[in-house]
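Shown next, in structure tokens, is the structure this report addresses.
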Amino acid sequence: ASCCKTANLFRQGEILRALAMIAFIFVVLLSGHIAAAAGMPDPGSCAGLPSDECAVVEPSALLQLSAARSGAAVVAGRNTLRVEENVEVSDARTNSSASLEECLRAGGSMQLIYMPNAAGWNDARQCANRRADIIPTPLAVVQVARGEDVQRAVKCTAQAGVQACAKSGSHGYDNAAGCSGGVQIDLRDLLGFKVDMSTKKVTFGTGHTNGQLYYKLSQDPYRLLFPGGTVSGVGASGLILGCGRGLTTFTRGLACDSLTSFEYVDAQGELQTADEDMLWMAKGGGGQFPGMVTQMTLQAYDMPQEVHESFCKFPVDWNTHNVISKWLSHCDEMEKPNRKVYTELSWWSRPQSVEVTIKCVGCNPEEQQWAQGVMEAIRASGSPTSCSQHARSWVDEVYASSGGYYGAVPGPKYSALLNRDSGWGKKPQPDQSYTTGRMGYDWHMSNDLFNEFNDWISTKGIMDDYVLLVMFLPTGGAPGIPDNVSAFGHRAAKWIVQIRYVWATSKGRDYNQNILTHGQNFQSGLDKFLPCRHFYNYVDQELTCAKTNDQWLSAYFSDISRMKAIKRRVDPDEVFRSRLLSKPSTPNPKDCAVHLDESCAEKRCCQEAGDQCYEKDKYWASCRSECSPGIHSDDPRQYRTPWSCKVLSDAPAPTPAPTPTPVPTPVPTLAPSPAKECAVHLNENCAEKRCCQEAGDQCHEKDKYWASCFSECRPGIHSDDPRQYQTPWSCK
């Protein structure tokens with residue numbers, strides 16, 4: 001809705017107020033004549049727009065034009081319009097805010113513009129997460145109707161010297177789309193949709209939510225799906241940009257793997273078609289993507305006839321580790337595409353329970369029987385309090401996954417999926433939430449890792465019911481896809497553990513802080529066992545394992561150097577908000593690498609006086625005051641490979657004094673020794689002991705300095721090693 005300054009004329013009395021309302025009604029009735037006079041298309045034609053967009057956009061634009069002339073404000077709902085006269089607007093706007101507003105409103109733009117303190121502002125700026133400390137405070141909210149509106153909004157944003165953020169489903173946990181201090185560009189009305197049945201490719205506007213897209217694709221003659229999550233209110237484009245996992249991950253890969261092309265508005269406000277770099281970056285780059293995507297083309301797939309679900313709930317007791325271990329032991333087979341299976345495990349803090357779900361998607365009777373047999377084996381490992389089976393159509397599965405049977409998708413069954421404000425996270429009501437997590441690289445959980453989870457979920461868990469939920473979700477996707485094909489960098493990961501807190505908006509500040517502190521401590525506990533890797537769709541801006549910005553980026557992405565290079569090329573002025581900071585031509589100390597904890601291989605400069613950038617190898621360099629070539633005893637033992645100590649700083653550096661490189665005793669063939677003396681899973685060097693405690697583990701050599709116990713080993717670089725220690729594994 002457009003928001004203007006208060007109309008003082010409407011404060012004269014009830015008669016003037018009534019006359020003003022009559023005048024505006026008359027304007028709407030004669031909107032076709034006004035449109036012609038203003039050079040705008042006739043509302044009846046809608047300029048070729050779909051009818052669901054036309055009904056909202058054209059009349060509101062005309063009413064906005066007339067309201068702007070008289071000083072009133074227009075408030076528009078999805079299918080209604082009304083005029084509000086007494087709109088309170090602060091007179092304390094800065095000149096830049098005023099010029100931004102003037103630019104956005106200029107030229108009879110067909111946008112709905114909300115400015116702070118005006119009618120409709122509070123609702124327009126909100127995201128699904130109503131957490132008190134991250135409520136968005138943008139300079140303006142612009143609800144666009146077409147690509148040209150996005151272009152104008154971006155140009156005005158750049159001209160004002162502020163940043164722009166895209167909002168579609170508004171479902172991001174961190175509310176980054178809210179764009180505090182910048183311009184929030186709401187894409188909800190970009191709802192173009194077409195399917196090429198010869199290729200089964202769907203082209204759609206990025207305003208679609210999952211529910212809207214799934215419902216449209218499910219109709220005749222299409223009967224298709226796209227591979228992604230199934231919560232209806234989640235923005236489809238945001239899910240895809242983050243890579244997106246869901247029920248067909250094992251068979252069709254991640255959602256981003258099916259992205260074939262797209263259009264976006266660049267930092268200059270020009271409409272572009274993605275080139276190779278931008279397509280690469282859109283596959284997992286999430287909110288770091290340096291543009292505003294307006295249209296996507298995705299490979300779609302035949303919709304299954306049915307989804308068969310087996311479900312069991314277990315108490316948290318002495319059998320819990322057995323249940324989780326049994327589930328994990330079957331995941332190696334369940335992840336094979338020919339099994340057509342999706343699975344997940346949920347662990348509730350209160351009421352204490354562990355829930356296992358196995359879904360067979362489009363399976364024949366034999367495949368269903370196999371999946372049910374797996375559930376029977378898991379069931380036998382514990383004492384379930386309840387088990388059930390369901391068979392649903394694909395649309396019913398989306399409806400059920402969105403909370404349709406719990407009141408979260410109000411309205412006519414199935415077609416209610418078209419309501420963008422439906423589904424968990426938005427209904428039955430918006431709540432506060434916080435999420436974090438880590439990724440795992442094999443289907444295994446050691447005793448120590450289980451105890452850490454149990455400690456934070458059950459022993460030290462949140463005492464209120466249905467606040468803390470920990471979910472183990474598959475993320476591996478279709479096999480054989482290397483890291484370098486996308487910005488998403490964790491193809492070898494098997495699962496993401498999503499740690500999710502949801503609590504009522506009525507809770508006070510102390511309660512909120514206790515939740516956030518619990519989440520930070522939970523993360524820190526897991527940092528002892530799991531690599532610093534996370535999944536962008538569940539983004540956490542405050543990972544405890546990431547001490548620097550580059551470490552944070554590396555936790556999510558495959559190649560941050562390439563991402564930064566693309567950012568510098570297409571958005572050097574940082575019009576689009578991200579954590580990919582541009583490197584100035586003359587290094588500013590605050591943009592240089594920090595002492596010891598950050599790789600300076602790319603920045604080649606250091607923040608601290610007296611530090612220089614010394615190279616270890618082609619994978620890592622560090623800022624320090626001096627460097628001795630060879631092994632450094634302060635490196636973690638498993639990463640003690642030689643430093644070259646080549647100076648990468650631009651300034652001349654003294655030649656470091658050579659020291660002899662220690663020659664370790666060659667490691668003999670890894671033969672077994674008594675189990676009680678063997679190395680533990682992953683976290684202990686087995687080079688000396690040459691045996692492993694865990695059944696199924698073998699002692700695999702990385703290099704002459706380190707070997708580790710795990711079930712399988714792939715020669716080469718392992719992406720789950722800390723970035724500074726990503727040297728090749730021999731896997732001998």
| said: Check whether Lys426 reaches the backbone of Gly233 with its side chain - one donor and one acceptor, N or O, closer than 3.5 Å. | reply: yes
| Axial cation check for Trp729 ring with Arg714, 6.0 Å and 45° limits | no
| task | Give a yes/no verdict on a cation-pi contact between Arg624 and Trp643, requiring under 6.0 Å between NZ or CZ and the six-membered ring centre and an angle within 45° of the axis. | result | yes
| query | Aromatic ring centroids of Trp456 and His518 under 6.0 Å? | reply | yes
| request: Could you go through the side chain to side chain contact (heavy atoms under 4.5 Å, CB included) check for His444 and Phe710 one step at a time? | output: CA-CA 9 Å; His444 174 87; Phe710 43 95; over 6 Å; no
| request: Quick one: list whatever passes side-chain hydrogen bond (donor to acceptor under 3.5 Å, both in side chains) with Ser711, sequence neighbours left out. | output: none
| task | Kindly indicate whether the side chain of Glu355, heavy atoms from C-beta on, has any atom under 4.5 Å from the side chain of Leu345. | result | no
| task | Examine His490 together with Phe535 and report whether their ring centres are nearer than 6.0 Å. | result | no
| message | Taking the basic N atoms (NZ, or NE/NH1/NH2) and the acidic carboxylate oxygens, is any pair closer than 4.0 Å for Arg562 and Asp277? | response | yes
| Which atom of Arg130 lies closest to which atom of Gln126, heavy atoms considered | CD-OE1, 3.5 Å
| task | Using a strict 4.0 Å threshold on nitrogen-to-oxygen distance, state whether Asp257 and Arg491 make a salt bridge. | result | yes
| Atom pair CD (Glu701) and CG (Asn685), whose distance is rounded to the nearest 0.5 Å | 10.0 Å
| message | Taking the basic N atoms (NZ, or NE/NH1/NH2) and the acidic carboxylate oxygens, is any pair closer than 4.0 Å for Asp550 and Lys564? | response | yes
| Contact summary for Tyr441 and Pro531, nearest pair of heavy atoms | CE1-CG, 3.7 Å
| Excluding sequence neighbours, so at least two apart, what forms salt bridge (Lys or Arg N to Asp or Glu O under 4.0 Å) with Glu452? | Lys528
| Considering all heavy atoms of both residues, which atom of Cys127 and which atom of Pro136 are nearest to each other, and what is their separation? | SG-CG, 4.0 Å
| task | Decide yes or no on side chain to side chain contact (heavy atoms under 4.5 Å, CB included) for Val470 and Val497, but give the supporting numbers first. | result | CA-CA 7 Å; Val470 177; Val497 55; 3.4 Å; yes
| query | Of the options Cys678, Cys686, Cys699, Cys692, which is the one that meets Cys709 in a disulfide (SG to SG under 2.5 Å)? | reply | Cys692
| query | Are any of the side-chain nitrogens in Arg131 or Asp431 under 4.0 Å away from the carboxylate oxygens of its partner? | reply | no
| query | Between Cys623 and Cys600, is the SG-SG gap under 2.5 Å? | reply | no
| Sub-6.0 Å ring centroid separation between Phe450 and Trp347 | yes
| task | Mind listing the closest non-hydrogen atom pair of Asn484 and Trp280 along with its distance? | result | O-NE1, 3.1 Å
| remark: Smallest heavy-atom separation, Thr475 atom then Leu254 atom, equals O-CD2, 3.7 Å
| message | Tell me every residue that passes salt bridge (Lys or Arg N to Asp or Glu O under 4.0 Å) with Asp464, counting only those two or more places apart in sequence or in another chain. | response | Lys507
